[in-house]
Protein chains: 2
Amino acid sequence: MPVNPPTLADVAERAGVSRQTVSNALNNPHLLRPETLERVRAVVDELGYSPNRAARNLRTRHSHLVGLRFTPAQEGTANALMDRFLHKLVATSALHGYHVLLFSDDDTEPLQAYDDLLRSTAVDAFVVTDTYLGAPQAAFLTQQRAPFVAFGRPWEDPSATHAWVDVDGAAGTALATDHLLDRGHTRVAWIGWRKDLFIGEDRRSGWVRAMRARGLPTTGLASRVEDTVASGREAAAVLLAEAAPTAFVCASDTLAMGVLQLLAERGLVAGRDVAVVGFDDSQVAQVVPGGLTSVRPPLEQVAVEVVTALRRVLSTPPRANTGVLLSPTLEVRGSG
Amino acid sequence: MPVNPPTLADVAERAGVSRQTVSNALNNPHLLRPETLERVRAVVDELGYSPNRAARNLRTRHSHLVGLRFTPAQEGTANALMDRFLHKLVATSALHGYHVLLFSDDDTEPLQAYDDLLRSTAVDAFVVTDTYLGAPQAAFLTQQRAPFVAFGRPWEDPSATHAWVDVDGAAGTALATDHLLDRGHTRVAWIGWRKDLFIGEDRRSGWVRAMRARGLPTTGLASRVEDTVASGREAAAVLLAEAAPTAFVCASDTLAMGVLQLLAERGLVAGRDVAVVGFDDSQVAQVVPGGLTSVRPPLEQVAVEVVTALRRVLSTPPRANTGVLLSPTLEVRGSG
DNA sequence: GCGCTGGCTTGTATCGATCCAACCGTCGAT
DNA sequence: ATCGACGGTTGGATCGATACAAGCCAGCGC
């Protein structure tokens, strides 16, 4: 163990001022005369002083930690949103003195972990990323009056008043569809998820909107399946046989990879014979031979907005917070 | 804000015992008579008491937090080790009462962040994942007498005495090479990284070892390039032209994707015409059409061993810790 | 000379858990 | 009857930063 780090009192003594003054130098510098401030700061640097976090947390009742439940990407899928988002979240939080604390829950009692962290005053707030159907986190935290910001809209409860940031999936798929239509396609198919997944329906609606805007039919061109490569492949096979589309817009890169797989099996070339667009701009889309055109969610921007919202929520008094909806972009690659 | 959570004193009063007894009930249950313990525990549950972390941290000088610098996966590559590793790390740490705190550093002063967290006693220990050439973290933390465990061997300084866990890259590539040789290939090429990257040389040595074990030549069959898809493609093109290999073992999935790309361009089928094996078992390997055979590092196991080592290092007195080397497995898919 | 203000100092309380030392019934063993 | 262990109690100190109140001194305006 290292020697005990210097304390406030050590700094005070060395700088020839009182503890209070050192504390003020750190937290209310405007109260000090410039030269005193300078002197205190010099000693702080000299001793390498950094306030003891436990002591500060105890007194101020703030931990300056933000909790995030970390769920790993599913094996066998192309989805790895967390990586980009998390890094920017960590970096942006740091700019405002916050660190990110990760936790996981045992699946049996998903709220337990949140509750424990709250009651032990381990975190000041949460970032919630699961807002899929039936996720109880938002409601629970609201009820506990715990500060939090959600990445994802309150689909089930539009009257929810908590802060949230989300990506406009419909705008993304509309962008993708328009791109394909601009390139001359008219029969653009959709491969998405189960009807009860709000995110999937949102993305689907962008495709519908873009098609209708050009007076094109969508009947028979849509498919709803599980989010796996195999399902994407199956769906593409069925659609090709029954509706002869020349392009596919998919709800995820995972599904799009299924389409690419089918094309490969049939000796068709993605981007030349049939166009394919995915969603997420995953690493897979970036490195697959030929490249997969994909809708890129602005995850870095989401992270920045989440931190902004956190600061709002944690300020005293808490400032009201509306939802923020961010538009994705389209990364055009070889597949269409 | 919620009402203030109950404190030790609240529990004590309600259970009709002293503060000390409640504290003992939590930390030294063996000191209590079973029925008293039961009564205290009942009240703890009833009030939903959880010890205030800041207070406990202050008193015990332990935060029960483990710091990890979070670096995002590079865009355009297939490497995303962090995801699997991190989740298991978080889950395993939780079993022993530890949480994971993420931080990032500004690139200008990479040790600053470590130093700040140390001096403010924000974390008890670090998990260090950058042990590449010239990474100064391990030396710095050793010098500061800060507890830490490295994911990665101390390549540059074999005399380093800190705890580490690593994946045996040579064993992985040997496994891959043997697999190809078993399938009848004799001209197996290597595509790896710059000579000064220890990890790359380690992986390369496994290929060399496996080839030599069967008396096969390696001359002219190896290439060293940057870790990008484009470099992998280039290297494969050169090797095919100059050495006519029938199989490739690559230092990463990223490089392997470059090979797959070249094959696709030439109308060759991976796994039939030319075999390709990658390293990392990334999502890309799992979902690319046809599938990429890849060496899978046992990241979950690494995480478990890291936590074990952490507990050793943090125990009083710290128990000595040797390095742990884990063997990867081979995930066989369509490419070879 | 009086009052005021800026820039401190001094002193004390507080946050909540843990540590320490001393003490005290009760019960069983000697 | 004495001793010691068991299973507690009690009171206080401690960790380090921050909050709060009161006081003090120099300098300034009037």
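Owing to the predicted nature of the structure, the values given are computational and were not obtained by experimental measurement. We name chains A, B, ... by the order of the sequence lines, and we start the count at 1 in each one.
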To the nearest Å, how far apart are [X] [atom1] and [N] [atom2]?
| X | N | atom1 | atom2 | result |
| --- | --- | --- | --- | --- |
| Leu8(A) | dT12(C) | CG | P | 18 Å |
| Leu26(B) | dC19(C) | CG | P | 12 Å |
| Asp10(B) | dG16(C) | CG | P | 9 Å |
| Leu58(B) | dA13(D) | CG | C1' | 13 Å |
| Arg119(B) | dA17(D) | CZ | P | 13 Å |
| Asn57(B) | dG16(D) | CG | P | 13 Å |
| Leu31(A) | dG6(C) | CG | P | 10 Å |
| Asn24(A) | dC20(D) | CG | P | 12 Å |

Going from [atom1] on [X] to [atom2] on [Y], what distance comes out if it is rounded to the nearest 0.5 angstrom?
| X | Y | atom1 | atom2 | answer |
| --- | --- | --- | --- | --- |
| Phe70(A) | Leu101(A) | CZ | CG | 13.0 Å |
| Leu117(B) | Asp124(B) | CG | CG | 11.5 Å |
| Gln137(B) | Gln144(B) | CD | CD | 13.0 Å |

Along DNA chain D (nearest heavy atom to each residue), the more 5'-positioned of His30(B) and Arg59(B) | His30(B)
Looking only at side-chain atoms of Ala55(B), point me to the closest of dG16(D), dT18(C), dA17(C).
-> dA17(C)
Heavy atoms under 4.0 Å, any strand shown: does Thr21(A) hit a base, just sugar-phosphate, or nothing?
-> base
Would you indicate what Ser18(B) reaches in the nucleic acid, counting non-hydrogen atoms under 4.0 angstrom: base, sugar-phosphate, or nothing?
-> base
Look only at the side chain of Asp166(B) and the backbone of Arg153(B), and say whether a donor-acceptor pair between them is shorter than 3.5 Å.
-> yes
For a quick test of reading the model: is some side-chain N or O of [X] closer than 4.0 Å to OP1 or OP2 of [N]?
| X | N | value |
| --- | --- | --- |
| Asn27(A) | dT18(D) | yes |
| Arg56(A) | dT18(D) | yes |
| Arg61(A) | dT14(C) | no |

Side-chain donor/acceptor contact of Arg19(A) with base of dT18(D) under 3.5 Å | yes
Could you tell me whether Arg14(B) and Asp10(B) have a side-chain N and a carboxylate O separated by less than 4.0 Å?
-> no
Centroid-to-centroid, Phe140(B) to Tyr114(B), below 6.0 Å?
-> no
Please work out which of the three classes, parallel, tilted or perpendicular, describes the rings of Phe126(B) and Phe103(B), given edges at 30° and 60°.
-> perpendicular
Within residues 32-51 of chain B, those residues having any heavy atom closer than 4.0 Å to DNA chain C are Tyr49(B), Pro51(B)
